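One structure is given below, encoded as structure tokens.
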Amino acid sequence: MKFIDLNPASAFDQAVKSCNKDKKLIVCGSDEDQRYIEEALFEPGPDSKAILRAAAQVDAKAWLQQRRAELEAKPEWNPAALEGQWQEESQHKQGFNLATDFVTGEPLHTLLGVRIKTDQSWKVPAHFRFGGWNECPAPEVHCAIWKRWQKLYGAHIVGVSNDVIEAHVKQPPATQEEALKLAWEQYLYCPDIVEQGVESVAKLAEVLINHDCWYFWWD
């Protein structure tokens with residue numbers, strides 16, 4: 001994987017434009033992100049082809065259902081409290097994050113990315129061997145989930161760091177019901193974006209509706 005220098009002002013625009021090309025630009029963040037990504041790639045484990053073969057055996061809908069069943073088995077499970085109350089569509093929807101400094105919010109002085117040769121964006125996690133630590137799903141699960149979301153919402157991965165995935169969405173949910181359904185799926189896939197982020201599934205849904213950027217982060 002060869003890293004290239006990117007212009008923070010235009011990197012995500014270029015990444016979005018590359019979604020339908022066979023060589024996709026993926027924004028990766030800072031020099032520190034590069035080091036973590038390379039460390040993960042050097043660790044023993046299956047290569048991208050093996051991950052994609054494993055992904056073909058993963059039923060994304062069944063995985064989400066199993067994940068929910070595991071949570072429902074916990075004594076503290078309280079879906080009503082976790083969902084919270086829908087208020088209204090959020091007017092403060094964040095854009096892409098990997099081109100900016102997390103602390104200052106300013107554009108990174110040095111922004112790096114890679115070009116991935118693949119016919120489908122949902123295959124990108126396999127090339128990064130992304131996942132498999134703490135609550136972060138295994139790489140093949142990421143691929144299967146993103147295959148589902150690419151089909152349903154036109155969601156294409158445009159950013160990957162050591163612990164973040166960002167996506168551009170061509171057909172985001174347009175109703176409260178659709179947004180809540182997707183928000184629950186995203187929570188099951190990545191609890192941190194609710195539990196350490198927006199605090200409720202409904203608040204996540206308020207951001208997802210009619211919005212073309214998705215953000216995921218695993219602790």
Side-chain angles (χ1 to χ4, degrees), residues 1-19 23-48 50-52 92-118 121-143 145-146 149 155-169 186-187 189-199 204 207 211-219:
M1 185 174 289
K2 182 180 180 181
F3 287 83
I4 57 176
D5 292 323
L6 301 176
N7 181 346
S10 60
F12 274 105
D13 287 338
Q14 293 178 35
V16 170
K17 289 178 181 177
S18 75
C19 286
K23 212 166 190 179
K24 304 182 190 329
L25 176 64
I26 305 298
V27 179
C28 295
S30 66
D31 294 336
E32 183 178 8
D33 291 308
Q34 176 186 351
R35 289 195 293 273
Y36 282 117
I37 291 169
E38 289 179 332
E39 286 177 8
L41 290 172
F42 288 140
E43 290 181 359
D47 61 13
S48 60
I51 291 169
L52 291 173
H92 303 284
K93 298 173 179 175
Q94 70 178 22
F96 297 115
N97 289 272
L98 285 175
T100 60
D101 185 288
F102 178 77
V103 176
T104 67
E106 297 296 321
L108 291 174
H109 296 297
T110 301
L111 178 64
L112 299 171
V114 296
R115 293 193 181 276
I116 301 293
K117 188 175 182 180
T118 181
S121 293
W122 60 264
K123 297 179 180 179
V124 167
H127 292 271
F128 282 86
R129 296 170 65 188
F130 187 94
W133 71 89
N134 298 341
E135 292 296 315
C136 189
E140 62 270 20
V141 174
H142 286 286
C143 292
I145 294 289
W146 282 100
W149 288 342
H156 295 265
I157 296 172
V158 291
V160 176
S161 73
N162 62 300
D163 57 4
V164 167
I165 291 180
E166 297 193 278
H168 175 257
V169 187
Q186 292 199 357
Y187 169 74
Y189 171 63
C190 181
D192 287 337
I193 58 174
V194 171
E195 295 175 359
Q196 299 188 56
V198 296
E199 299 180 343
L204 176 58
V207 175
H211 189 40
D212 62 357
C213 295
W214 290 356
Y215 173 86
F216 299 91
W217 167 78
W218 290 266
D219 193 0

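Keep in mind that what you see is a predicted model, and the values were worked out from it rather than measured. In this chain, numbering begins with 1 at the start of the sequence shown.
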Rounded distance (nearest 0.5 Å) linking atom [atom1] of [X] with atom [atom2] of [Y]:
X      : Y      : atom1 : atom2 : result
Glu166 : Ile157 : CD    : CD1   : 11.0 Å
Asp101 : Leu111 : CG    : CG    : 12.0 Å
Asn162 : Glu39  : CG    : CD    : 9.0 Å

Residue list, side chain to side chain donor-acceptor pair (under 3.5 Å) with [X], at least two apart or on another chain:
X      : value
Tyr187 : Glu195
Ser30  : Asp33
Ser10  : Gln14
Trp122 : none

Note, [X] side chain near [Y] side chain (heavy atom, < 4.5 Å):
X      : Y      : answer
Leu41  : Arg129 : yes
Ile116 : Met1   : yes
His142 : Phe128 : no
Trp133 : Asp163 : yes
Leu112 : Asp5   : yes
Lys24  : Ser121 : yes
Phe102 : Val164 : no
Ile37  : Cys28  : yes

Open item on the list: Check whether Asn134 reaches the backbone of Cys136 with its side chain - one donor and one acceptor, N or O, closer than 3.5 Å.
Closed with: no
TODO: Identify, with sequence neighbours excluded, every residue that meets ring pair (Phe, Tyr, Trp, His ring centres under 6.0 Å) alongside Trp217.
DONE: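 Testing Trp217 for ring pair (Phe, Tyr, Trp, His ring centres under 6.0 Å), a comparison that skips the adjacent residues, returns none.
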Open item on the list: Tell me every residue that passes ring pair (Phe, Tyr, Trp, His ring centres under 6.0 Å) with Tyr215, counting only those two or more places apart in sequence or in another chain.
Closed with: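 Not a single residue meets the ring pair (Phe, Tyr, Trp, His ring centres under 6.0 Å) criterion with Tyr215.
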Task: Over 12 foreign heavy atoms within 6.0 Å of NZ, Lys93 - done: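 Yes, the 6.0 Å shell around NZ holds more than 12 heavy atoms from other groups.
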Open item on the list: Does atom CZ (Phe3) have a neighbourhood of more than 12 heavy atoms from anything else shown, all under 6.0 Å?
Closed with: yes
Indicate the atoms forming the closest heavy-atom contact of [X] with [Y], along with that distance.
X      : Y      : answer
Gly95  : Cys213 : CA-SG, 4.1 Å
Ile193 : Cys190 : CG1-O, 3.1 Å
Ser18  : Leu25  : OG-N, 2.9 Å
His168 : Val158 : N-CG2, 3.9 Å
His127 : Lys123 : CD2-O, 3.3 Å
Pro137 : Trp218 : CD-NE1, 3.6 Å

- [ ] For side chain to side chain contact (heavy atoms under 4.5 Å, CB included), just list the numbers for Val207 and Gln94, CA-CA rounded to whole Å, side-chain angles, deciding distance to a tenth of an Å, and then say yes or no.
- [x] CA-CA 8 Å; Val207 175; Gln94 70 178 22; 5.5 Å; no
Open item on the list: Out of the candidates Leu98, Ile26, Val27, Val114, only one should pair with Val160 under the side chain to side chain contact (heavy atoms under 4.5 Å, CB included) rule; please name it.
Closed with: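 Exactly one candidate clears the test, Ile26.
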Open item on the list: Is the distance between the ring centroids of Phe216 and Trp149 under 6.0 Å?
Closed with: yes
Open item on the list: Walk me through whether Val194 and Gln186 qualify under side chain to side chain contact (heavy atoms under 4.5 Å, CB included).
Closed with: CA-CA 9 Å; Val194 171; Gln186 292 199 357; over 6 Å; no
